[in-house]
Amino acid sequence: QVQLAESGGGLVQTGGSLRLSCTVSGRTFGSAAMGWFRQAPGKEREFVSTINWNGYERDYTDSVVGRFTISRDNAKNTVFLTMNSLKPEDTAVYYCAARRTGMIALETSAYDYWGQGTQVTVSS
């Protein structure tokens, strides 16, 4: 059984930083592409960032380019999302997701496993 556990969310002021972590158990993490998504109240879940199995390929939604960085540590079965220069519009529940394949994807439907989410709140 594959399990994803996010951590690192919280309350931060505008311009602050947070680092989200997602640890995966129950499968070969090193062969899986990973993604971060977010869902704000009343909105659909949206793509934030993705990273391929070896970390060499990454992609971001336009609104976080230059502020967020996705990375992974395959030895620790963990993927990270470092978020800098946070804005109130970044407020959402952030979800970690894993694919069965190693290639990046932007679509929610491309991911096979999901975590429970971690709340990020950015105050103005």
Side-chain angles (χ1 to χ4, degrees):
Q1 183 177 358
V2 179
Q3 292 184 324
L4 287 71
E6 302 101 333
S7 62
L11 173 64
V12 64
Q13 292 184 336
T14 297
S17 299
L18 286 173
R19 189 191 197 201
L20 306 183
S21 300
C22 173
T23 301
V24 181
S25 60
R27 67 160 285 140
T28 305
F29 174 80
S31 64
M34 301 294 297
W36 285 99
F37 292 78
R38 65 187 179 187
Q39 188 167 16
K43 296 186 177 181
E44 293 188 353
R45 192 170 298 187
E46 65 172 0
F47 166 76
V48 176
S49 184
T50 181
I51 188 167
N52 77 328
W53 68 277
N54 63 7
Y56 286 0
E57 189 174 6
R58 313 175 192 196
D59 203 354
Y60 301 89
T61 191
D62 288 345
S63 64
V64 307
V65 170
R67 301 189 298 122
F68 290 12
T69 302
I70 191 170
S71 60
R72 65 189 296 158
D73 184 340
N74 286 354
K76 296 182 178 179
N77 284 10
T78 301
V79 63
F80 305 97
L81 185 68
T82 302
M83 306 185 295
N84 297 319
S85 302
L86 282 161
K87 305 175 181 179
E89 50 263 44
D90 295 317
T91 295
V93 177
Y94 283 70
Y95 296 90
C96 172
R99 301 194 72 198
R100 291 194 182 98
T101 73
M103 298 179 294
I104 64 170
L106 279 63
E107 304 82 8
T108 305
S109 60
Y111 289 80
D112 303 291
Y113 308 101
W114 291 83
Q116 293 299 308
T118 185
Q119 176 71 46
V120 171
T121 303
V122 184
S123 63
S124 57

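Owing to the predicted nature of the structure, the values given are computational and were not obtained by experimental measurement.
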Quick one: do Tyr111 and Thr50 satisfy side chain to side chain donor-acceptor pair (under 3.5 Å)? Show the steps, please.
CA-CA 11 Å; Tyr111 289 80; Thr50 181; 2.9 Å; yes

Please step through side-chain contact (heavy atoms from CB on, under 4.5 Å) for the pair Trp36 and Cys96, ending with a clear verdict.
CA-CA 5 Å; Trp36 285 99; Cys96 172; 3.9 Å; yes

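The closest side-chain heavy-atom distance from Thr118 to Ser7 is not below 4.5 Å. Phe29 has its side chain within reach of Val79: a pair of non-hydrogen atoms, C-beta onward, lies under 4.5 Å apart. Proximity of Tyr95 to Thr108: side-chain heavy atoms (C-beta onward) are nowhere separated by under 4.5 Å. Using a 4.5 Å heavy-atom threshold, the side chains of Ser49 and Arg58 count as separate.
Contact between Arg38 and Ala92 at its shortest, heavy atoms only, is CB-CB, 3.8 Å. Nearest heavy-atom pair, Cys22 versus Met34, reported as atom, atom and distance to 0.1 Å: SG-CE, 4.3 Å. Nearest approach of Met83 to Val120, heavy atoms of both residues: CE-CG2, 3.9 Å. Nearest heavy-atom pair across Glu57 and Ile104 is OE2-CD1, 3.5 Å. Closest heavy-atom contact between Phe47 and Leu106: CB-O, 3.4 Å. Closest approach of Ala105 and Ala110 over heavy atoms only: CB-CB, 3.6 Å.
Of the N and O atoms on the side chains of Thr78 and Thr23, at least one donor lies less than 3.5 Å from an acceptor on the other residue.
Both Tyr113 and Leu20 belong to a single network of hydrophobic side chains, linked directly or stepwise wherever heavy atoms of I, L, V, M, F, W or Y lie under 4.5 Å apart. Cluster membership check: Ile51 shares its hydrophobic cluster with Leu18, using side-chain heavy-atom separations under 4.5 Å among Ile, Leu, Val, Met, Phe, Trp and Tyr. In the hydrophobic clustering of this structure, Val65 groups with Val122; members are Ile, Leu, Val, Met, Phe, Trp, Tyr whose side-chain heavy atoms approach within less than 4.5 Å, directly or through other members. Under the 4.5 Å side-chain heavy-atom criterion for Ile, Leu, Val, Met, Phe, Trp and Tyr, Leu4 and Leu81 are members of the same hydrophobic cluster.
Of the inter-residue distances, the one linking Lys87 atom NZ with Ser63 atom OG reads 7.5 Å to the nearest 0.5 angstrom. Gln116 CD to Gln3 CD: the interatomic distance, rounded to the nearest 0.5 Å, is 9.5 Å. Note that the CZ atom of Phe80 and the CD1 atom of Ile70 stand 11.0 Å from one another [nearest 0.5 Å].
At least one donor-acceptor pair under 3.5 Å links the side chain of Thr14 to the backbone N or O of Ser123. Counting only distance, with no hydrogens or angles, the side chain of Glu6 and the backbone of Gly117 share a donor-acceptor pair below 3.5 Å. A donor-acceptor distance shorter than 3.5 angstrom exists from the side chain of Arg72 to the backbone of Asn52, with no hydrogens or angles considered. Side-chain N or O atoms of Asn74 include one that pairs as donor or acceptor with a backbone N or O of Trp53 at under 3.5 Å.
Atom CD of Gln119 is surrounded by more than 12 heavy atoms from other residues, nucleotides or ligands within 6.0 Å.
For the pair Arg67 and Tyr60, the cation does not sit on the ring face, since its NZ or CZ is not both under 6.0 Å from the ring centre and inside 45° of the axis.
Between Phe68 and Tyr94, the ring planes are tilted. Angles from 30° to 60° get that label.
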